[in-house]
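Data block below; observations after.
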Amino acid sequence: MATYLVTGGAGFIGSNLVTALVERGETVRVLDNFSTGHRANLAPVADRIELMEGDIRDPEQVRQAVAGSDYILHQAALPSVPRSIADPLTSNAVNVTGTLTLLQAARQAGVKRLVQASSSSVYGDNPALPKQETMATRPMSPYAISKLAAEQYGRVFYQLYGFETVALRYFNVFGPRQDPGSQYAAVIPKFITAMLQSQPPTIYGDGRQSRDFTFIDNVVQANLRACTAPEAAGGVFNIACGERYSLLDLLAHLAELTGSPAEAHHTAPRPGDVPHSQADISLARAVLGYEPAMTFGEGLARTVAWLGEKINHRLHRFH
């Protein structure tokens, strides 16, 4: 049994990791400042974890959180490209300075390995598909720059100090506990919520832009493997399914699952948005033993069921 610290553990990805670790019988501590995370996400395991309310930008809180940890799953971040365009300084402070603060504390505390959440956004407008880890990065937003900088800090901590780090470049993660309510919500929960309420979802642009949508269970698996995979230290890995679907494909799938018409409201494309994204996952397969176990279709069905239950629950509460 090992001790894991999950930063941002009350968030969408973090809380799914926490649940998986608890089910495995590990000792789990969560550090979260609840700026985007929700206590409700941790409610099912609240009595089996240690929860610390704190900020990764605060060196003292971070020191306390890392003490005694074997592994750190670093998910805490200020997500969203549009948010970073509106407020680049805060994105940088959380995603770059916060990560550096955590790396320094973890190294000093003798943590075995830190696995950090990076993002497919680092590839930016590099047109080549599928994306390979060796490709030139061309970030198009402050968010993407902050993720790349954090990733580079991790790599340098391994090269200079021998402190083991692994960066996972997530591609469009979706699934239960993803918040549809935020103005910065991801496309899948936004589409599903609109369609379950018989409203047309909004598409920025023509809808032909494509993404390698990745169900949360695949991301959880990758993180757990990355903690102990012998050859992974210092590495960067794409975590996705290696397939891409356009937003129009997504709309058609969701129309079948929700029984809502596949009609969308189209508006102007958003600045900083990448046209196409698809991962080459052969490196993660070879080094981490990663294999996406959950397909796009099955993942969508589970997400629709989860969000449907949440919306029903809300409606019943108000009647």
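Residues meeting the side-chain contact (heavy atoms from CB on, under 4.5 Å) test with P269, sequence neighbours left out: none. The side-chain hydrogen bond (donor to acceptor under 3.5 Å, both in side chains) search around S246 returns D249, not counting sequence neighbours.
If you check the side chains of N223 and Y4, you find no donor sitting under 3.5 Å from an acceptor. Between the side chains of T137 and R169, no donor-acceptor pair is found at a separation under 3.5 Å.
In this structure, R83 fails the cation-pi test against Y143, since its NZ or CZ atom is not both closer than 6.0 Å to the six-membered ring centre and inside 45 degrees of the ring normal.
The number of heavy atoms from other shown groups lying within 6.0 Å of OH (Y245) is above 12. Other residues, nucleotides and ligands contribute over 12 non-hydrogen atoms within 6.0 Å of the CD atom of E60. The number of heavy atoms from other shown groups lying within 6.0 Å of CD (E309) does not exceed 12. Other residues, nucleotides and ligands place no more than 12 heavy atoms under 6.0 Å from the CZ atom of R208.
Both V45 and L224 belong to a single network of hydrophobic side chains, linked directly or stepwise wherever heavy atoms of I, L, V, M, F, W or Y lie under 4.5 Å apart.
Between V62 and A105 the shortest heavy-atom distance is CG1-CB, 3.6 Å. Of all heavy-atom pairs spanning A232 and V166, the tightest one is O-CG2, 3.6 Å.
Taking 4.0 Å as the cut-off between side-chain N and carboxylate O, K147 and E151 do not count as a salt-bridged pair. Between E291 and R225 no salt bridge is recorded (no basic side-chain N to carboxylate O distance below 4.0 Å).
Within the structure, side-chain hydrogen bond (donor to acceptor under 3.5 Å, both in side chains) contacts touching residues 250-262 (residues at least two apart or in different chains) do not occur.
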